[in-house]
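Quantities reported herein were computed from a predicted structural model and do not represent experimental measurements.
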Amino acid sequence: MKVIIAIDSFKGCLTSKEANEAAAEGIRMAYPEAEIVELPVSDGGEGYMEAFHAAIGGRLEEVTVRDPLMRPVTAKYLLHNEMAVIEIAQASGLTLLVKEERNPMVATSYGTGQLVADAIRKGARHIIVGLGGSATSDAGVGMLHALTDAFNKERWDDIDAFKDITFTIASDVKNPLYGEQGAAHVYAPQKGATPEMVLRLDERARKFAEMSAKHFGYDRSQMAGAGAAGGLGYAFLQYLNAQSMSGIQLLLDTIHFQEMIKDADLIITGEGSADRQTLMGKLPMGILEQSGPVPVFLIAGKISDCEELLNAGFARVECINPPGIPLEEAMRKEVAQYNIRQLFSQIQKQEI
């Protein structure tokens, strides 16, 4: 039996690698002869750089850049031949701030621009940017300022360094830059924005987009993904002609996932909480869409809309937690690992 394990991180609990390992241990307890392939995965947010590193190798470059409040912070990105993979949360992430520091009116994406500039200086010609977990809502203005600073230019148009470089943004966010479904209204409150701040941020983004459209003669502010990472998606689309792709789709294409699963008997995927939103382009759905005839087993710490998930094509959907377990207990790393291990240690071949 060949089993492919590609479970997303359980946010605040397990990394993708830790979840995969727990599932693999459980399967080996039930089927010691099983061939198991563990794939760390991410849809563009936390763990995206590590997922590419595990899949294709390369080296992790360490750089001192500015965090969302312009303080020095050590960040990493992956460099593999002429390709770089940048996870924006490394420099501009919400986790870099304590709750009291969250303020998207002042948080800047400047550090992400510094990572891009460093990658270009070190020979990157194709840059993949994982957009997830940002503390910012600056429409990428900070990132653009960092790039003009890095290359000693006063005007964006003067930067020759980008002429032969392609950018791909990886995200499952489809929101436009501004408006009721835009970056500020949908995401800024979780970054510390008050209702008044949301309105000001949205207006700021709209004005920046209008100015940019006038300058370039085209407007990409309403494209799917422009609102990702507080509008960083827009800056990459409008100013760097980035291509937008599903984060998990891009990763699976890069590692030749469909070749990998040709002789597989089972694929296991999962996430912290699975419901009908899972079907809207989240990581497990990306796995399912590329699974072909191989059955896909979905696990999660919390499950709603089970019938819809099964109707979508998942062969089996299971909650790892026993009924009635307190959330605080379920979120403990060792408890989640144990529950995943136990679920798969008791699996029978006829059940899959």
Side-chain angles (χ1 to χ4, degrees), residues 8-9 11 41-48 51 85-89 92-94 104 109 112 127-140 143 166-191 193 198 201-202 204-206 208-210 212-213 218-254 269 271-290 304-305 308-309 312-313:
D8 199 0
S9 61
K11 286 186 176 61
V41 286
S42 166
D43 59 6
E46 177 189 3
Y48 202 57
V85 180
I86 292 172
E87 194 177 301
I88 65 101
S92 307
L94 194 61
S109 57
T112 293
I127 298 177
I128 295 170
V129 185
L131 299 177
S134 75
T136 61
S137 192
D138 69 348
M143 184 266 292
T166 58
F167 291 84
T168 302
I169 56 171
S171 172
D172 62 353
V173 168
K174 305 300 182 189
N175 304 70
L177 174 62
Y178 61 87
E180 288 186 6
Q181 297 302 313
H185 282 281
V186 177
Y187 300 109
Q190 69 197 45
K191 302 174 185 183
V198 167
L201 288 166
D202 189 67
R204 190 168 76 179
R206 184 184 64 79
F208 178 55
E210 288 175 353
S212 301
Y218 56 83
D219 179 14
R220 293 173 179 163
S221 64
Q222 300 303 300
M223 285 181 66
L232 256 171
Y234 165 75
F236 279 104
L237 291 166
Q238 179 78 25
Y239 282 79
L240 292 167
N241 293 310
Q243 175 189 14
S244 179
M245 282 190 69
S246 154
I248 185 59
Q249 187 79 44
L250 181 57
L251 176 63
L252 296 180
D253 287 352
T254 301
T269 189
E271 60 184 340
S273 178
D275 52 32
R276 60 171 57 98
Q277 294 297 315
T278 298
L279 308 179
M280 307 301 289
K282 292 178 75 176
L283 187 146
M285 195 63 191
I287 297 285
L288 180 64
E289 287 171 346
Q290 290 213 23
S304 306
D305 313 312
E308 290 183 48
L309 294 168

Side-chain touch D172/I248, heavy atoms, less than 4.5 angstrom: no
Parallel, tilted or perpendicular: rings of F167 and F236 (30°, 60°): tilted
Which atom of A228 lies closest to which atom of S171, heavy atoms considered: CB-OG, 3.7 Å
Side chain proximity check, T269 to L288, heavy atoms < 4.5 angstrom: no
Closest contact, heavy atoms only, L94 versus Q190: CD2-O, 3.8 Å
Main-chain N/O of G179 paired to D202 side chain as donor or acceptor, under 3.5 Å: yes
Donor + acceptor pair across side chains of Q290, D253 (<3.5 Å): yes
Heavy-atom side-chain contact between Q243 and T166 under 4.5 Å: no
For A188 against V198, the heavy-atom pair lying closest together: CB-CG2, 4.4 Å
Where G227 and A183 come nearest, the two heavy atoms and their spacing: O-CB, 3.4 Å
From L283 atom CG to S42 atom OG, the distance as rounded to the nearest 0.5 Å: 7.0 Å
K174 side, atom NZ; Q181 side, atom CD - distance, nearest 0.5 Å: 14.5 Å
M223 side chain near Q238 side chain, heavy-atom distance below 4.5 Å: no
T278: partners by side chain to side chain donor-acceptor pair (under 3.5 Å), with sequence neighbours left out: E271
Note, L201 side chain near Y187 side chain (heavy atom, < 4.5 Å): no
Value rounded to 0.5 Å, distance of CD in E87 from CD1 in I128: 12.5 Å
Value rounded to 0.5 Å, distance of CE in M285 from CG in L309: 9.0 Å
D305 (side chain) donor-acceptor with R276 (main chain) under 3.5 angstrom: yes
Step-by-step side chain to side chain contact (heavy atoms under 4.5 Å, CB included) determination, L131 to V173: CA-CA 9 Å; L131 299 177; V173 168; over 6 Å; no
Residue from V85, D43, V41 passing side-chain contact (heavy atoms from CB on, under 4.5 Å) with Y48: V85
Test item: side-chain donor near acceptor, K11 and S273, under 3.5 Å: no
Partner residues of R206 under the side chain to side chain donor-acceptor pair (under 3.5 Å) criterion, sequence neighbours left out: E203, E210
Residue pair G132 / A89: nearest heavy atoms and the distance that separates them: O-CB, 3.5 Å
Distance-only polar pair, side chains of T136 and S109, donor-acceptor under 3.5 Å: no
Pairwise side-chain contact, D138 with F208, heavy-atom cut-off 4.5 Å (strictly under): no
Close side-chain approach of R220 to N241, heavy-atom, < 4.5 Å: yes
Closest contact, heavy atoms only, L279 versus A312: CD2-CB, 3.5 Å
